[in-house]
Amino acid sequence: MTVTHEVTNQAPPLTGFSAADEPALLEALRREGGAWGESEVAELGALAGSAAVQDRARWAEGQPPRLHTHDRYGHRVDEVEFHPAWHELMTTAVEHGLHAAPWTDDRPGAHLVRAAKFYVWSQAEAGHGCPISMTYAAVPALRTAPELAARYEPLLAARTYDFGLRAPLTKRGLIAGMSMTEKQGGSDVRANTTRAVPAADGSYRLTGHKWFTSAPMSDVFLALAQTDEGLSCFLVPRVLPDGTRNGMRLMRLKDKLGNRSNASSEIEYEDAVAWPVGEPGRGVRTIVEMVNMTRLDCVLGSAAGMRAGLRQALHHTAHRQAFGRELDRQPLMRSVLADLAVESEAATVLGMRLAAAVDRSQAGDAGEAALRRLALAAGKYWVCKRGSTHAAEALECLGGNGYVEDSGMPRLYREAPLLSIWEGSGNVAALDVLRALGREPAGLEAYFAEVEAAAGADRRLDAAVAGLRRMLGGLGDPERAQLVARSLAERLALVLQGSLLVRHSTPAVADAFCASRLDGEWGHAFGTLPPGADLTAILGRTRTGGDTA
């Protein structure tokens with residue numbers, strides 16, 4: 001065979017790094033009370049960057065789950081078959097407590113440490129984070145039914161991944177899913193038509209069609225259904241105590257834009273046995289805390305995607321040459337990379353601050369609970385919106401190499417919109433900001449107490465805080481409030497990010513953020529930081545930890 005050329009000017013494989021080796025993440029972990037978990041985060045971060053785990057992620061994504069509605073004899077089975085790589089990823093996540101383990105861990109900072117681990121591990125493969133996140137979020141909702149919580153919570157929090165369709169209470173560990181939205185309702189869950197009829201033993205029988213049921217291979221599900229009292233929440237097991245399959249029929253798996261590794265499904269309940277969770281007719285109120293927990297993971301997942309994309313861009317541009325020198329030594333590319341780095345760090349510090357608020361609110365801090373309610377809605381709106389734009393620009397840093405599947409960048413790009421849609425797309429999150437402002441005035445007080453902890457440190461931040469106060473004062477009637485809801489959510493998130501960076505990041509990062517995001521010295525695309533931005537310092541901080549390995 002004739003040798004026509006040698007391969008040159010290509011970046012080597014990006015493996016053998018630690019996803020936890022990131023100054024902004026580790027500083028937040030120590031600052032917010034989670035230093036005791038740093039070794040656990042480091043261990044998981046090293047796994048995430050290993051060649052073996054990257055290979056598992058590739059297999060899990062490349063060999064999607066398969067639905068088997070019937071066995072060879074014609075019996076209904078409703079099973080989902082996964083590649084072994086999926087189960088290996090799930091096993092690692094569960095054994096490291098990324099699911100519901102923090103709910104049974106009384107150490108201060110348990111949710112913060114879990115958030116850091118979820119953040120680094122999500123950079124390896126995002127799809128399996130869906131059932132992990134839902135299991136985490138199911139516990140606070142389940143606690144509104146103490147008898148059910150006493151039986152199921154220890155198994156949901158157990159660090160054993162025990163896959164298979166068996167009676168839940170006979171297993172060593174459980175995974176939870178959720179079954180909320182319907183084709184006629186979408187985000188308007190009150191429009192659900194699934195019906196729940198009480199049985200003599202205190203259980204209910206559910207009948208209806210669910211348009212999206214995430215992770216249908218899970219052991220138990222939280223589902224919404226209509227009762228005589230109104231929309232109510234229920235716990236639905238996949239397998240009944242006697243070992244028979246519950247009346248939960250998997251109609252099809254969704255053909256999604258994003259990850260292929262996880263199964264999302266359309267199902268029908270046919271007289272399915274379910275147990276009430278929370279007060280009858282108060283289903284939305286029951287699942288609010290579950291929504292808040294999954295929204296936190298949406299923020300963390302978006303931040304993780306940004307960090308993964310940035311790492312790939314830094315690695316490629318450090319090894320790729322054009323016009324006689326490496327791409328990352330050329331001013332315009334350096335500006336793009338620095339801008340991506342600033343966005344990534346802003347997302348990370350906000351996500352970690354929100355996770356710390358979970359710990360403090362669980363400990364009874366009413367101010368932190370109020371702050372979390374408002375800041376989480378705004379953060380979910382803005383950080384998840386930025387995820388798609390960030391992924392597109394990071395991919396473009398690799399040029400045509402980033403456009404092919406082998407690079408892994410298309411997987412990041414396709415996944416990014418999910419996190420903005422899941423648990424309320426942009427309008428829902430923005431309207432939730434208005435709802436939080438109207439119902440919980442303490443949230444705004446806590447918010448300003450937080451951002452004004454940086455008062456006087458940066459004139460642009462001070463001006464942005466003052467401008468935000470004026471914006472809030474001019475909301476006027478409900479119609480006008482809705483028209484500015486997106487702008488308000490964006491500004492709330494940006495001001496909070498600016499305050500966090502001014503207080504806790506390096507001067508170069510904080511200055512670039514305040515000049516661009518708050519003071520308007522910025523274009524409409526990444527790579528438009530003001531000429532005075534200290535690109536060398538920003539990139540030096542970002543590269544700490546082997547991002548160009």
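As a basis for the values below, the full set of heavy atoms in this structure was taken, side chains included, without hydrogen atoms, waters or symmetry mates.
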How far does [atom1] of [X] sit from [atom2] of [Y], to the nearest 0.5 angstrom?
X: H83; Y: E88; atom1: NE2; atom2: CD; result: 8.5 Å
X: L371; Y: L376; atom1: CG; atom2: CG; result: 10.0 Å
X: Q482; Y: L475; atom1: CD; atom2: CG; result: 11.5 Å
X: L354; Y: L296; atom1: CG; atom2: CG; result: 6.5 Å
X: R151; Y: L235; atom1: CZ; atom2: CG; result: 9.0 Å
X: L496; Y: R491; atom1: CG; atom2: CZ; result: 13.0 Å

For [X] and [Y], work out which heavy atoms get closest and say how close.
X: P140; Y: E289; answer: CB-CG, 3.4 Å
X: K380; Y: C384; answer: O-CB, 3.2 Å
X: A60; Y: A85; answer: N-CB, 4.0 Å
X: N259; Y: G127; answer: CG-CA, 3.6 Å
X: L492; Y: Y447; answer: O-OH, 2.6 Å
X: A215; Y: M134; answer: CB-CE, 3.6 Å

Counting N and O atoms only, with roles assigned by atom type, does the side chain of [X] sit under 3.5 Å from a partner on the main chain of [Y], one being a donor and the other an acceptor?
X: N192; Y: T194; value: no
X: R114; Y: L98; value: yes
X: E266; Y: W211; value: no
X: D271; Y: R205; value: no
X: E81; Y: H68; value: no
X: R245; Y: V77; value: yes
X: S265; Y: I267; value: no
X: S388; Y: K385; value: no
X: N246; Y: M248; value: no
X: S133; Y: G129; value: no

Beyond-backbone contact of [X] with [Y], side-chain heavy atoms, under 4.5 angstrom:
X: R76; Y: T69; result: yes
X: E61; Y: E415; result: no
X: V41; Y: E38; result: no
X: R372; Y: V358; result: yes
X: T92; Y: L44; result: yes
X: E368; Y: D359; result: no
X: L437; Y: L472; result: yes
X: H96; Y: W121; result: no

field: Geometric class of the H87/F163 ring pair [parallel <30°, tilted 30-60°, perpendicular >60°]
entry: tilted

- prompt: Which word best sums up how the rings of F82 and W86 line up, parallel for under 30°, tilted for 30 to 60°, or perpendicular for over 60°?
  reply: parallel

query: Do you know which of E270, E268, E79 makes salt bridge (Lys or Arg N to Asp or Glu O under 4.0 Å) with R249?
result: E270

field: Residue from R414, R58, R260 passing salt bridge (Lys or Arg N to Asp or Glu O under 4.0 Å) with E405
entry: R414

task: Kindly determine whether L434 and L488 satisfy side-chain contact (heavy atoms from CB on, under 4.5 Å), including the steps that lead there.
output: CA-CA 9 Å; L434 297 182; L488 178 60; 4.0 Å; yes

message: Run V53 and E125 through side-chain contact (heavy atoms from CB on, under 4.5 Å) and show every step you take.
response: CA-CA 9 Å; V53 167; E125 200 284 315; over 6 Å; no

field: Partner of F234 under ring-ring contact (aromatic ring centres under 6.0 Å, His included), chosen from Y204, F221, W275
entry: Y204

field: side chain to side chain donor-acceptor pair (under 3.5 Å) between D201 and S203, worked out
entry: CA-CA 6 Å; D201 62 357; S203 67; 2.6 Å; yes

Report yes or no: do [X] and [Y] form a side-chain donor-acceptor pair below 3.5 Å?
X: T144; Y: T286; answer: no
X: T244; Y: D242; answer: yes
X: E153; Y: T104; answer: no

- prompt: What do you reckon, is CZ of R166 surrounded by more than 12 foreign heavy atoms closer than 6.0 Å?
  reply: yes

- prompt: Above 12 or not: heavy atoms from other molecules or residues under 6.0 Å from CZ of R66?
  reply: no

Qualifying residue, where the test is side-chain contact (heavy atoms from CB on, under 4.5 Å) with L112 and the options are E32, R353, K117: E32

Ring-face cation contact, Y119 with R307, 6.0 Å cut, 45° max: no

Salt bridge R295-D432, side-chain N to carboxylate O under 4.0 Å: yes

message: One thing to verify: whether R172 and D162 come together as a salt bridge, which I'm taking to mean a side-chain N less than 4.0 angstrom from a carboxylate O.
response: yes

task: Under the side-chain contact (heavy atoms from CB on, under 4.5 Å) rule, what do V94 and T160 come out as? Steps first, then yes or no, please.
output: CA-CA 6 Å; V94 171; T160 301; 5.6 Å; no

- request: Test Y152 against V139 for side-chain contact (heavy atoms from CB on, under 4.5 Å), laying out the working first.
  value: CA-CA 9 Å; Y152 286 95; V139 171; over 6 Å; no

task: Show your working on ring pair (Phe, Tyr, Trp, His ring centres under 6.0 Å) between Y136 and H111 and close with a plain yes or no.
output: CA-CA 10 Å; Y136 174 59; H111 291 274; 5.7 Å; yes

